[in-house]
2 protein chains.
Amino acid sequence: MSHLGYGCLMTVDRDQVLRTAAALLTRKPTATMDEVARASGIGRATLHRHFAGRDALVKALEELGIREFEAALDAARTDEGPASDALRRLVAEVEPAAGLLAFLVTENQLFEGEVNEGWDRLDARVSALFRRGQEGGEFRIDLPPAWLTEAFYGLVGTAAWAVQDGRVAAKDFQYMIAELLLGGARRSVE
Amino acid sequence: MSHLGYGCLMTVDRDQVLRTAAALLTRKPTATMDEVARASGIGRATLHRHFAGRDALVKALEELGIREFEAALDAARTDEGPASDALRRLVAEVEPAAGLLAFLVTENQLFEGEVNEGWDRLDARVSALFRRGQEGGEFRIDLPPAWLTEAFYGLVGTAAWAVQDGRVAAKDFQYMIAELLLGGARRSVE
DNA sequence: CCCAAATGAGACACTGACGTCTCACTCCTT
DNA sequence: AAGGAGTGAGACGTCAGTGTCTCATTTGGG
């Protein structure tokens, strides 16, 4: 474990720290580096050995979020079967990362310029799903895919917060998002 | 203008400053007190004469937002006519305050405890609208009013940001929110 | 016209968080 | 057992933002 810059246990721990940091910053976006370190059960110095600074930590978090969301998109097989079902699968797959996504979205909101190019790729994939649904006659065409994509992010984040604060039940997460996004609040005439 | 604590011009300017601060903080939530002052064309000292500190400013902003949202609820006459139409009216009335609302929602998100009691009142009114729609058979009953309320806030904020960043057209603001919230993305079988 | 109030600019101290560094201490390997 | 790598605790210096203060200047009313 001394022959490499990234030793065997190091990366594991790094990832562990990253997940803990994600969980904490999701709940308290203004958490201190010290709080992040304590939350992971390590010292502030060690945290700095893993991540050069707060910016580096956030950037690493961003890459983790992008990776997880991309994995969710893969696992959901968004280009197979009916778009509605694909969207439902996507919501289900994205649930574990919802809090992190919510954090990153608001974080991006206040970062001026130079956004990670990974987001564009993800936006494109989500957008493509909605477009596919539209072209297949499954989704309505009077709402632009860009808006549906934004709304997807927004609802996922909103639901994550609402669950966090206990305003809605965690078990309804997937159902509430998918149903509202797909069918809306109005009772459909069946 | 010397016989009162709140002189004639003072309150006007205070409100003016508040609106400017709202507009700025909506775009840049981390803006400095100095930036807020400059944006209003006043000195930092004068800003401190109006608002004791940053906390006081945010609190005043919160009260402004609550006031405006309450006014929107009043103007939308949410307890009259079909719930769908009432919701559409509400979205229309809330549009000018959408950015401020988005700012306050995320601000509240990171504030632990002691939320302004005004929010409960607003939540109750929005929630009541959805419940009315459900009881009237107009809205589906499998989505809890609390979730619909959260989703409403979420979509308004998301749309405000998306418009801000030019990802969607500003003129579609009302339509996109109301249509998605009411009808969802799926093409309804008419 | 004059005076009082309000303002803007700047100086100042204080705070909180950050980033760097050192120094014991604890494992783990050999 | 001995050596080294990694760690935790803590002590700095730095910096940005805040809140307070003073003082010269402007503004508006009497």
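A note on names: the letters A, B, ... follow the listed sequences, proteins ahead of strands, and every chain is numbered from 1. Worth saying up front: this structure is predicted, and the values here are computed from it rather than measured.
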Q. Any idea which heavy atoms bring Arg14(A) and Ala60(A) closest together, and the distance?
A. NH2-CB, 4.0 Å
Q: In whole angstrom, give the distance that lies between atom CD1 of Ile42(B) and atom P of dA9(C).
A: 11 Å
Q: Treat primed atoms plus P, OP1 and OP2 as sugar-phosphate and everything else as base, then score nucleotides 17-23 of chain D 5' to 3': B for base contact with protein heavy atoms under 4.0 Å, S for sugar-phosphate contact only, - for none.
A: SBBB---
**Q.** Integer-rounded Å distance: dA9(C) P and Leu47(B) CG
**A.** 13 Å
Q. Residues in side chain to side chain donor-acceptor pair (under 3.5 Å) with Thr78(A), at least two apart?
A. none
Q: To the nearest Å, give me how far apart NE2 (His50(A)) and C1' (dG8(D)) are.
A: 13 Å
Determine all donor-acceptor pairs shorter than 3.5 Å in which one atom belongs to a side chain in residues 51-59 of chain B; sequence neighbours excluded.
| from | atom 1 | to | atom 2 | distance (Å) |
| --- | --- | --- | --- | --- |
| Arg54(B) | NH1 | Ala31(B) | O | 2.9 |
| Arg54(B) | NH2 | Pro29(B) | O | 3.4 |
| Arg54(B) | NH2 | Ala31(B) | O | 3.0 |

Q) Starting at CZ of Arg38(B) and ending at P of dG10(C), how long is that distance when rounded to a whole Å? A) 8 Å
Q) Arg140(B): what forms a salt bridge (charged side-chain N to carboxylate O under 4.0 Å, His left out) with it, not counting sequence neighbours? A) Glu179(A), Asp142(B)
Donor-acceptor contacts, no H, no angles, side chain residues 145-157 of chain B, under 3.5 Å, sequence neighbours left out:
| from | atom 1 | to | atom 2 | distance (Å) |
| --- | --- | --- | --- | --- |
| Trp147(B) | NE1 | Met176(A) | O | 3.3 |
| Thr149(B) | OG1 | Pro145(B) | O | 2.8 |
| Glu150(B) | OE1 | Arg167(A) | NE | 3.4 |
| Glu150(B) | OE1 | Arg167(A) | NH2 | 3.4 |
| Glu150(B) | OE2 | Arg167(A) | NE | 2.6 |
| Tyr153(B) | OH | Asp123(B) | OD1 | 2.6 |

Q. Could you state the CZ-P distance from Arg14(B) to dT7(C), rounded to the nearest angstrom?
A. 13 Å
Q | Protein-nucleotide distance (Leu57(A), atom CG; dC18(C), atom C1'), rounded to Å | A | 13 Å
**Q.** Which residues share a salt bridge (charged side-chain N to carboxylate O under 4.0 Å, His left out) with Arg77(A), sequence neighbours left out
**A.** Glu80(A)
